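Quick caveat, the model's predicted, so the values are computed rather than measured. One-based numbering along the sequence shown.
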Amino acid sequence: MDKILQVQNLTKNFRDFKLDNVSFSMEKGFIMGFIGPNGAGKSTTIKLIMNLLKKDAGQVLVFGLDNIRHEKEIKNRIGFVYDENYYYEELTPKEMGRIIAPLYKNWDDKAFSHYIRRFELPLDRKIKDLSKGMKMKFSLAVALSHNAELLIMDEPTSGLDPIVRNELLDILTDISRKEDKGVFFSTHITSDLDKVADCITFIHEGRIIFSSAKDDILENYCLVKGAIGLIRDEDRGSFIGIKENQFGFEGLAQDRKKLRRMYGESIVIEKPTLEDIMLYFTRRNRNA
């Protein structure tokens, strides 16, 4: 399959933070969730992909092209959706569309009108008077109106109510499946990715923890629950993290067969969510 985004050993040093040899890739027609706690390096990675920051080392290839040498060509083929509105608030979507159109080589007025209608956006209402959900849909309409092959989205569902969030997720799924576009979706709302993501890249403290198909990740990890005092000290290394209270324990682990041999039917093994996995990895040295 065609790799539309390849990040290879990407490194950026700050005074109190380092993005450390970050590597992952994604393919056309897939939705990749990019997860991690606040301060993990998600926004820094996106800014480096977009060449908004100068990297210290590594390479970013978009559509197989170097993101610096071919920046103009690449940015004509991608759509970028922020978590906030950066358009002129006093203008209407119709007026804003006219301003944006000349910036893109492949701008398509018919596509813009199509997405405005599809997202049920009022063309003649000022952007400042639109709801947050409508502003996000407008950003998405702009991103899709120059035949973008890859959407890069930074916290697009943050602050949206559940109904609008679900509508946006349905739109993204439809775009990736029917229009064969890639969607790179950075978020801390992992429940959204449980619904729509094909693959997950998890970053923590500037390093990639894993980057793999979502179903494989959820199958490879397990939540283990049991009575208090059941875990022996020498067995704690079998867990990524453990949470204990007066009622019992819960832990995240990988080798469910080994744990079943160790504890038999005295434990309950369940499938985790992405949020469970992120929580235990980010708090693995503490009582999660």
Locate the shortest heavy-atom distance separating [X] from [Y]; write the atom from each residue and the value.
X	Y	answer
Ala197	Ile200	CB-CD1, 3.8 Å
Lys271	Glu219	NZ-OE1, 4.3 Å
Gly97	Phe112	CA-CZ, 3.9 Å
His188	Met278	O-CE, 4.4 Å
Thr187	Lys42	O-CE, 4.2 Å
Ala253	Phe239	CB-CD2, 4.1 Å

Check whether any side-chain heavy atom of [X] sits under 4.5 Å from a side-chain heavy atom of [Y], and report yes or no.
X	Y	result
Ile46	Phe184	yes
Ser266	Leu230	yes
Ile242	Glu244	yes
Phe119	Ile171	yes
Asp154	Ser43	yes
Val60	Leu5	yes
Ile35	Leu193	yes
Arg165	Ile163	no

Test your reading of the model: is there a side-chain donor-acceptor pair from [X] to the backbone of [Y], 3.5 Å cut-off?
X	Y	value
Asn166	Leu169	no
Lys75	Met50	yes
Asn76	Glu73	no
Arg256	Tyr221	yes
Ser23	Asn9	yes

Enumerate the residue pairs fulfilling salt bridge (charged side-chain N to carboxylate O under 4.0 Å, His left out) with a member in [range], sequence neighbours excluded, ordered by first and then second residue.
range	result
residues 194-211	Asp20-Arg207, Arg177-Asp198
residues 56-67	none
residues 99-108	none

Between Thr92 and Arg125, is a side chain to side chain contact (heavy atoms under 4.5 Å, CB included) present by the stated rule, with each step listed? CA-CA 5 Å; Thr92 66; Arg125 189 187 303 176; 5.9 Å; no
Could you go through Arg118 and Lys137, starting from their C-alpha distance and side-chain angles, then the distance that decides it, and tell me whether this counts as side chain to side chain contact (heavy atoms under 4.5 Å, CB included)? CA-CA 10 Å; Arg118 179 178 176 182; Lys137 288 180 187 177; over 6 Å; no
Atom [atom1] in [X], atom [atom2] in [Y]: separation rounded to 0.5 Å?
X	Y	atom1	atom2	result
His70	Asn51	NE2	CG	12.5 Å
Asp124	Asp129	CG	CG	12.5 Å
Cys222	Glu270	SG	CD	10.0 Å
Cys199	Phe34	SG	CZ	12.0 Å
Gln59	Leu48	CD	CG	13.5 Å
Leu65	Ile4	CG	CD1	12.5 Å

Does the cation-pi check pass for Lys12 over Phe14, that is, NZ or CZ under 6.0 Å from the six-membered ring centre and within 45° of its axis?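 Satisfied, under 6.0 Å and within 45°.
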Decide side chain to side chain donor-acceptor pair (under 3.5 Å) for Asp276 and Thr273; before the verdict, give the C-alpha distance in whole Å, the side-chain angles of both, and the deciding distance to 0.1 Å. CA-CA 5 Å; Asp276 292 326; Thr273 64; 3.1 Å; yes
Would you please say whether a donor-acceptor pair under 3.5 Å links the side chains of [X] and [Y]?
X	Y	result
Glu250	Tyr280	yes
Asn147	Tyr104	no
Gln254	Asn220	no

With sequence neighbours left out, what residues match Glu89 under side chain to side chain donor-acceptor pair (under 3.5 Å)?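 Once residues adjacent in sequence are excluded, the partners of Glu89 under the side chain to side chain donor-acceptor pair (under 3.5 Å) criterion are Asn85.
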Would you indicate whether Lys132, at its atom NZ, is surrounded by more than 12 heavy atoms from other residues, nucleotides or ligands within a distance under 6.0 Å?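 Yes - once you tally the heavy atoms of other residues, nucleotides and ligands closer than 6.0 Å, there are more than 12.
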Does Lys94 NZ have over 12 foreign heavy atoms under 6.0 Å away?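 It does not: Lys94 NZ has 12 such atoms or fewer within range.
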Answer yes if [X] and [Y] sit in the same cluster of Ile, Leu, Val, Met, Phe, Trp and Tyr residues linked by side chain heavy atoms under 4.5 Å apart, and no otherwise.
X	Y	result
Ile99	Leu123	yes
Ile49	Ile68	no
Met96	Leu144	yes
Ile209	Leu223	yes
Val164	Val142	yes

Please lay out, stage by stage, how Glu275 and Ser191 fare under the test side chain to side chain contact (heavy atoms under 4.5 Å, CB included). CA-CA 7 Å; Glu275 185 174 350; Ser191 59; 5.6 Å; no
For Glu120, which residues count as a salt bridge (charged side-chain N to carboxylate O under 4.0 Å, His left out) partner, sequence neighbours excluded?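 None.
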Please step through side chain to side chain contact (heavy atoms under 4.5 Å, CB included) for the pair Phe30 and Ser176, ending with a clear verdict. CA-CA 6 Å; Phe30 284 77; Ser176 69; over 6 Å; no
Under the rule for ring-ring contact (aromatic ring centres under 6.0 Å, His included), what residues qualify as partners of Phe138, not counting sequence neighbours?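 Checked Phe138 against ring-ring contact (aromatic ring centres under 6.0 Å, His included); matches are Tyr87.
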For the pair Lys181 and Glu149, evaluate salt bridge (charged side-chain N to carboxylate O under 4.0 Å, His left out) and give the outcome as yes or no after the intermediate values. CA-CA 5 Å; Lys181 300 179 187 296; Glu149 300 163 56; over 6 Å; no
Start with the C-alpha distance between Lys128 and Glu90, add both sets of side-chain angles, then the distance that settles salt bridge (charged side-chain N to carboxylate O under 4.0 Å, His left out), and finish with yes or no. CA-CA 6 Å; Lys128 70 176 184 179; Glu90 293 296 326; 3.1 Å; yes
Ring center gap for Phe210 and Phe24 short of 6.0 angstrom: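 Centroid separation for Phe210 and Phe24: 6.0 Å or greater.
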